[in-house]
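The structure under discussion appears below in the form of structure tokens.
Numbering of ligands and ligand atoms starts at 1, following listing order. Worth knowing before you read on, the calculation uses all heavy atoms, side chains too, and leaves out hydrogens, waters and symmetry mates. Computed from a prediction, not measured in an experiment: that's the story for all the values here.
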Amino acid sequence: VTVVVDAERVGTRLRLLSAWDATHRCDLAGHLSHYGPLPELRGDLVESFVRSVAGAGLSGRGGAGFPTAVKLRARRDAVGRDRWVAGHRAGAGRATRRPGAPRGVVVVNAMEGEPASSKDEVLLCCAPHLVLDGAEVAAAVVGARGVVVCVPEGRDAAAASVTRAIGERGRAARVPADVARPPGRFVAGEESSLVGWLSGRPGVPSFRLDKGVPLLLEAEPVVVHNAETVAHMALIARDPGLADPTALVTISGAVARPGVYEVELGSPLRDVLSPASPRDAAAVLVGGYGGAWVAASAFDTPYSSEGLGRVGAAPGAGVLVVLPLGACGISETARIAAYMAGESAGQCGPCVFGLAAIADDLCALATGVADADVLERLGRRTAAVTGRGACRHPDGVARMVQSALGVFSADALAHADGRPCGMPCTAPLAHRGAGR
Ligand code: SF4
């Protein structure tokens with residue numbers, strides 16, 4: 001995987017990959033000489049740090065984009081409540097935990113289930129200490145007693161890098177950290193999946209009526225944050241005035257230089273793509289397989305939640321897959337939908353049957369053998385699966401398919417009319433390039 005940090009584009013301030021850029025070293029000595037020591041968060045500094053996270057506008061970088069400060073506050077309050085319950089129980093002789101003792105676990109989610117994403121893997125290889133610093137900061141905010149970094153099977157270089165970094169920190173670590181290796185499936189990184197697997201259950205999403213209630217691991221509350229998100233926390237802890245954090249993006253498809261890039265949020269999509277040298281782009285899949293297609297005519301759109309939201313997309317997991325002129329967007333969408341249908345965890349009817357039916361419709365559409373009602377049926381089916389699963393897997397597929405029917409509408413109509421576009425069906429773009 002190519003790792004590109006363009007210092008001119010992201011300035012000289014603290015960045016996720018700047019230590020790697022400067023020294024090509026990821027060891028503890030190189031990390032500390034570049035970033036300096038991590039400040040300790042105690043007392044009032046904790047709330048002040050959370051305010052800085054809110055001020056920086058940091059949101060989750062695993063896909064959902066939830067505001068990080070809101071999550072930190074909610075989990076801190078929840079852990080605090082649980083701590084009171086533990087103390088109360090200790091008085092009743094049912095637990096021995098001292099009231100106020102550290103409790104709970106921070107899980108760093110580097111599962112990166114999106115097949116076209118490599119950013120978390122690159123981050124763990126190039127800046128493992130920044131991720132561990134951020135996990136320690138998150139642990140300090142919620143009062144957790146340990147950290148588990150989850151790296152999927154198959155991403156061995158990332159797991160080795162973070163394991164080595166944990167060893168380098170040794171007794172100097174503020175909370176003990178460990179590495180777990182869950183199986184790498186698309187939904188394995190969904191937070192209830194991950195915590196379920198860590199608890200010894202199958203790694204599939206749980207049905208949760210109230211997602212504000214913390215997940216439990218060995219009866220202790222768990223806080224799950226994406227690896228890139230916690231790395232940003234480590235930068236904000238060092239520079240509380242840090243505004244507009246950068247973002248890691250994995251660019252692949254029809255580009256000359258696929259790789260992981262650190263970019264400015266808010267830059268036009270065209271500028272974000274340009275260092276990867278896209279070749280005759282017709283559209284780009286933004287956010288990942290559960291993201292949305294954006295036409296080349298909208299490449300002036302700012303790469304940010306607000307900007308992309310105006311064209312029905314979101315940064316998601318930081319994935320950008322370029323589709324070239326001359327490739328069939330309908331065929332590519334059909335391939336992705338078929339893959340996503342196969343990645344269903346098999347527990348929710350609308351997901352299991354709905355995604356399979358959507359994938360079948362798209363396959364028929366792509367090959368020009370669909371019946372006349374296919375577009376109307378796809379619209380109905382994508383609406384019907386949205387919000388109907390224990391996790392957001394079907395919602396992402398529905399969004400991606402709906403965006404394709406808009407961006408490639410002329411092609412979709414021609415395909416539905418029994419006139420496939422005649423464009424060569426290239427090999428699956430989204431499986432190429434910077435993917436695993
Ligand atoms: S919505 Fe799909 S992927 Fe999510 S839990 Fe249900 S069956 Fe599994």
Side-chain angles (χ1 to χ4, degrees), residues 60-66 71 107 109-117 120 150 152-154 180-217 222 224-226 285 287-292 314 316-317 319 333-363 377-404 428 430-431 435-436:
R61 297 298 171 79
F66 193 76
K71 187 169 183 179
V107 171
N109 188 348
M111 292 299 290
E112 208 161 34
E114 284 279 353
S117 178
D120 292 334
C150 292
E153 289 174 352
R181 307 294 308 277
R185 292 199 55 201
F186 192 90
V187 296
E190 194 275 342
E191 66 176 19
S192 66
S193 257
L194 203 48
V195 175
W197 186 86
L198 289 169
S199 306
R201 300 191 299 276
V204 293
S206 310
F207 291 88
R208 298 161 74 195
L209 288 176
D210 180 359
K211 295 203 168 134
V213 175
L215 295 156
L216 298 179
L217 180 59
V222 182
V224 183
H225 288 289
N226 167 260
L285 179 63
Y289 282 19
V319 166
T333 299
R335 285 193 193 95
I336 296 173
Y339 170 86
M340 293 291 265
E343 289 296 304
S344 163
Q347 341 186 72
C348 314
C351 180
V352 175
F353 301 111
L355 296 193
I358 288 167
D360 286 348
D361 277 344
L362 281 165
C363 180
R377 198 166 53 246
L378 275 168
R380 194 163 27 84
R381 284 179 165 163
T382 51
V385 300
T386 300
R388 298 286 307 284
C391 75
R392 300 289 174 107
H393 187 62
D395 303 39
V397 180
R399 180 172 47 239
M400 189 275 297
V401 172
Q402 287 165 352
S403 73
H431 289 283
R436 63 184 67 169

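With values rounded to the nearest 0.5 angstrom, S206 atom OG is found 6.5 Å from L215 atom CG. Atom CZ in R61 sits 13.5 Å away from atom NE2 in H225 (nearest 0.5 Å). One finds the CG atom of D360 at 8.0 Å from the CZ atom of R381 (value rounded to the nearest 0.5 Å). Rounding to the nearest 0.5 Å places CZ of R399 at 8.5 Å from CZ of R392. Between the CZ atom in R388 and the NE2 atom in H393 there is a gap of 15.5 Å [rounded to 0.5 Å].
In this structure, atom 2 (Fe) of ligand 1 lies nearest to the protein heavy atom C351 SG, 2.3 Å.
Interface atoms of ligand 1 facing P205, defined by a heavy-atom separation under 4.0 Å, are 5 (S). Counting the atoms of ligand 1 from 1 in the order shown, those under 4.0 Å from a heavy atom of G389 are 1 (S). Within ligand 1, counting atoms from 1 as listed, the ones closer than 4.0 Å to a heavy atom of S344 are 2 (Fe), 7 (S). With ligand atoms numbered from 1 in the order given, ligand 1 contributes 1 (S), 5 (S), 6 (Fe) to contacts under 4.0 Å with heavy atoms of A390. When each atom of ligand 1 is checked for a heavy atom of H393 under 4.0 Å away, the hits are 3 (S). Atoms of ligand 1 found under 4.0 Å from any heavy atom of V187 (numbered from 1 in listed order, with element): 3 (S). For ligand 1, the atoms sitting less than 4.0 Å from at least one non-hydrogen atom of A345 are 3 (S), 7 (S), 8 (Fe), numbered in the order shown with element in parentheses.
Among the atoms of C391, an N, O or S atom falls under 2.8 Å from atom 4 (Fe) of ligand 1. The distance from atom 6 (Fe) of ligand 1 to the nearest N/O/S atom of C348 is under 2.8 Å.
Around CZ of F66, the count of heavy atoms belonging to other residues, nucleotides or ligands within 6.0 Å exceeds 12. R377 CZ: more than 12 foreign heavy atoms inside a 6.0 Å radius.
At a heavy-atom distance under 4.0 Å, atoms from both the backbone and the side chain of Q347 approach ligand 1. Only the side chain of P394 comes within contact range of ligand 1, with a heavy atom under 4.0 Å; no backbone atom does.
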message = Run the side chain to side chain contact (heavy atoms under 4.5 Å, CB included) test on M400 and T333 for me, step by step, so that the C-alpha distance in whole Å, both residues' side-chain angles and the decisive distance to 0.1 Å come before the verdict.
response = CA-CA 8 Å; M400 189 275 297; T333 299; 3.6 Å; yes
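Ring planes of F186 and Y289: parallel class, angle under 30° (limits at 30 and 60°).
The closest approach between a heavy atom of V204 and any atom of ligand 1 is not below 4.0 Å.
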